[in-house]
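A quick write-up on the structure given underneath.
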Amino acid sequence: MFDAYCCDGFFDEVFSTGGPPRLPDLVEHLRGFSGEELRTRQRRAEALLLNLGITFAVYGDDRGTEKVWPVDLIPRIMDATEWGGIEKGLEQRIHALNLFIDDIYNDKKIIKDGVLPEEIVATATTYRKECEGFHPPNGVWVHVTGTDLVRDRDGQIYVLEDNLRCPSGVSYVLENRELMKRTLPEVFRGASVAPVEDYPERLLSTLLDTAPAGLDEPTAVVLTPGIYNSAYFEHSFLAQQMGVELVEGQDLVVDDGFVFMQTTHGMKRVDVIYRRIDDDFLDPKCFRSNSALGVPGLMEVYKAGRVTLANAPGTGIADDKAIYAYVPQIIKYYLGEDAILNNVPTYLCSDAQQRQHVLDHMNELVVKPTNESGGYGIMLGPQATESEQATCADAIRQNPRNFIAQPMLTLSTVPTLIGDQLEPRHVDLRPFILTGNETYVLPGGLTRVALRQGSMIVNSSQGGGSKDTWVIGSASGKSAWREAESSSGFENSMQSQSTGGMSQSQSQS
Amino acid sequence: MLCRTAGYIYWLSRYIERAENVARFVDVNQTLTLGAQGALSPQWAPLVYTTGDEEIFAELYCDGKCEPEHFSEENVLRFLTFDERNPNSILSCLSMARQNARGVRDNLPALTWEEINKFYLMVREAADRPHTLRQPYDFLDEVKRRSHLIGGVTHSTMSRNEGWHFYRIGRMLERADKTSRMLDVKYYVLLPDPSDVGTPLDVVQWSALLESTSALQMYRKRYGRIRPRKVARFLILDREFPRSMGYALLRAEQSMHAITGSPQGVYRNSAEQLLGRLTAELSYTSVDDVIENGMHQFIDGFQNRLNEIGVAVESNFFHVQQERG
């Protein structure tokens, strides 16, 4: 299985170059499977995904419009001790970022104290003037965070970016786990994998904790742009798991200072909206006037404190990549602590000196637009042609504020089933953090994997897949695997109007 | 429940039931005409007329003006099963049902969604296989089976909440309509020569009709020998057989009352009024009344009134800007 496995030149999560495996138990366990057996399991998993309709939308595909979410069966494993540090680091980071957002829309002390240049905030497209002077219920701006982490070749974990608006992917974490239990049950036996299944319960608590004050039984809903959105599966999944209504903008109405949903028994008040549409589309009266996805008048109700929006509008200011460069200072400023998790070294093109460095080293650096999310508009210097580099340099000169640059990282790899062989493939990790009355970090998170050899692009729209992520609990780091093998005896278990005068389109036009 | 959600559930159940019934139509036609000669040799045109889709068919298959040869087995089968341009083909129905189900996944039992999704994938795949229509009966059988599976899973895992009641109203209204249309197929087929009524051939055909509505056994238990009058009574008025028009309406009416909360005999909106009235009329009709006034006319009238009920359900529950309650 591992004969051809080679991980020179990068950090492998399982093997160390020249030394013994970091996860000997996993390796031993996997050797118990033939490649063909793994392949069969993989196919079974794919059939399950298809039947369950676990898919994501692919824009511009007129026939299917959906693709099965690719899952690789080999789990990515994190040791509980290392995870403990990451967890602390994430809590610290989100705490500071929440304080930062509250400050930036109110007193702006961090600017007055000279820690953050005013201009960076003033020029951020994600800054929402409409939120000035506002304090959300319970002081929570960012209810749900998905922070992207990567491990570089030095073995260190870095924060690649913070996603503080509508981060996606948590449904796949839960579905991957479920899928793994169905297709590779024997590897779970005896293994102390930290559970992820209580996420929906915790999300619901987070939403209800932050409802406007004084309500006995607040009503929460999930607001989706609709079935054509690429993350629709997740929206409906979360609504279903929490037992709350999944609404579209057209289902909601603002009346008499409150938000209502239209039910078959009249209007019902809504108190908390977990919104999965962007700020720009939330309220055509306030933001983009041509939005058909939002609810006219919603922001007014929100600012009057009569409905909670999760995440709060305006949180995007803190995931602007120029602000990202300042997160270590932000943590220091609000908490008086050093950041536990490292940022990737970042050059701000708005700074003349740093800009010059970037322009001089275009072929070594990764250049990213500051206001985009989802990996759009990135230039990978070492892989770009000279003319692509020149175009990018021009763009930087024209609008320096809009770009940052970072050294090219080499993401760590995890063994991944390719054909019936295991090969190293690059991964990143998106843990999810909830903030309500308390902060909760989902153990593990979504591991995305670049399925193409050598590629570091993990986005699902570009051929990326995912892996179940295990935080393994036992402090000794030993044995869950070995025990499972001896106790389950899995070697043996391995045998492997018209017809009705009416139709919807006619009557619902 | 959200108005939109209620509408989606109602429609998804109608579409599933519709797909099942299209499969039944084709089946009854085949059984009625197989091996028959002359006037009863395979006729596919009636199927298109009975489903009410002749205009779309004419547009798609005969440039607007149909000659008998256009209604070939091949054309009609394709039109009813996999033609995506026909909004009532089995494939179109499944595609719509699945789309609606996706829109209300959070309100359906997980298994219901899963079975609908698998049903759709099965039909999609069958549509891509060229030989499906050369031997359509395995496929049609599978369509009926899957529809039953969804019915069963939903029946045993869905809370009897509003969603369930909208699901049942959709399914029952569609079924009442389709059972009536299946009765109608029989008339179309026999129309060429009314003197056949009561002949042994006729018995064969009435049995076939019963079989295609999965009613033969239950009919036998109830009435024994095949008598057209009794068959009609069974399919139109029987209060115990789940595919009879009367039974379907009774169940739809019960669900309607469960949703509105009004007691039997009282109505709060036009859907409830129209449905209650039609159900009551059917309850107090005899099969002699039906036959005296003409079965075909009766069925026609019945279908028109079902349509009115459908429109009223839409406007009373799914497309209203209501007062805050």
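So you know, we letter chains A, B, ... as the sequences are listed, proteins then strands, and number each from 1. Hydrogens, waters and symmetry mates play no part in the numbers below; they use all other heavy atoms, side chains included.
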Crowded around A:Glu46 CD? As in, over 12 foreign heavy atoms under 6.0 Å?
yes
After noting the C-alpha distance and the side-chain angles of B:Glu162 and A:Thr264, does the key distance pass the side-chain contact (heavy atoms from CB on, under 4.5 Å) rule?
CA-CA 9 Å; B:Glu162 242 188 295; A:Thr264 49; 2.2 Å; yes
Between A:Gln241 and chain B, which part of the residue has a heavy atom less than 4.5 Å away: side chain, backbone, both or neither?
neither
For A:Lys285, I'd like to know if atom NZ has over 12 heavy atoms of other residues, nucleotides or ligands within 6.0 Å.
no
By a 4.5 Å heavy-atom criterion (distance strictly below it), what part of B:Asn86 contacts chain A: side chain, backbone, both, or neither?
neither
d(A:Leu252 CG, B:Leu2 CG) to nearest 0.5 Å is 8.0 Å
Quick note, salt bridge (charged side-chain N to carboxylate O under 4.0 Å, His left out) partners involving residues 219-234 of chain A, not counting sequence neighbours, are A:Glu234-A:Arg276
Could you measure the distance from the SG atom of B:Cys3 to the CD atom of A:Gln250? Nearest 0.5 Å is fine.
10.0 Å
Mark yes when over 12 heavy atoms from residues, nucleotides or ligands other than A:Phe258 sit less than 6.0 Å from its CZ; otherwise mark no.
yes
Is atom CZ of B:Arg78 surrounded by more than 12 heavy atoms (other residues, nucleotides or ligands) closer than 6.0 Å?
no
Of all of A:Leu246, A:Thr224, A:Val222, which one pairs up most often with chain B through heavy atoms under 4.5 Å apart?
A:Leu246
Roughly how far apart are B:Arg4 CZ and A:Asp251 CG, rounded to 0.5 Å?
4.0 Å
Under 4.5 Å from any heavy atom of chain A - which part of B:Thr5
side chain
Polar side-chain atom of A:Asn51 near backbone of B:Lys118 as donor-acceptor pair, under 3.5 Å:
no
Option that, when pairs with chain B are counted at under 4.5 Å, heavy atom only, ranks first among A:Arg269, A:His235, A:Glu248, A:Met242
A:Glu248
Give, as side chain, backbone, both or neither, the part of A:Leu238 having an atom under 4.5 angstrom from any heavy atom of chain B.
neither
Side chain A:His265, main chain B:Ile259, donor-acceptor under 3.5 Å:
yes
Between B:Arg105 and A:Phe233, is a side-chain contact (heavy atoms from CB on, under 4.5 Å) present by the stated rule, with each step listed?
CA-CA 9 Å; B:Arg105 231 170 126 158; A:Phe233 166 74; 3.1 Å; yes
With side-chain contact (heavy atoms from CB on, under 4.5 Å) as the test, would you mind laying out the steps for A:Thr263 and B:Met1 before giving the verdict?
CA-CA 5 Å; A:Thr263 79; B:Met1 161 160 283; 5.5 Å; no
If you tally heavy-atom pairs under 4.5 Å against chain A, which of B:Gly103, B:Gly261, B:Ala6 wins?
B:Gly103
Give a yes or no on whether A:Asp216 atom CG has more than 12 heavy-atom contacts from other residues, nucleotides or ligands under 6.0 Å away.
no
Can you name the closest pair of heavy atoms from A:Tyr232 and B:Val104 and give their distance?
OH-N, 4.2 Å
Side chain, backbone, both or neither: which part of B:Leu121 has an atom under 4.5 Å from a heavy atom of chain A?
side chain
Return yes when atom CD of A:Glu217 has more than 12 non-hydrogen atoms of other residues, nucleotides or ligands closer than 6.0 Å, and no otherwise.
no
Here the pair of heavy atoms bringing A:Gln240 nearest to B:Leu108 is NE2-O, 3.6 Å
Taking A:Glu245's backbone N and O only, do any of them form a donor-acceptor pair with B:Asp106's side chain (distance below 3.5 Å, no angle check)?
no
Quick one: what part of A:Val247 sits under 4.5 Å from any heavy atom of chain B, side chain, backbone, both or neither?
both
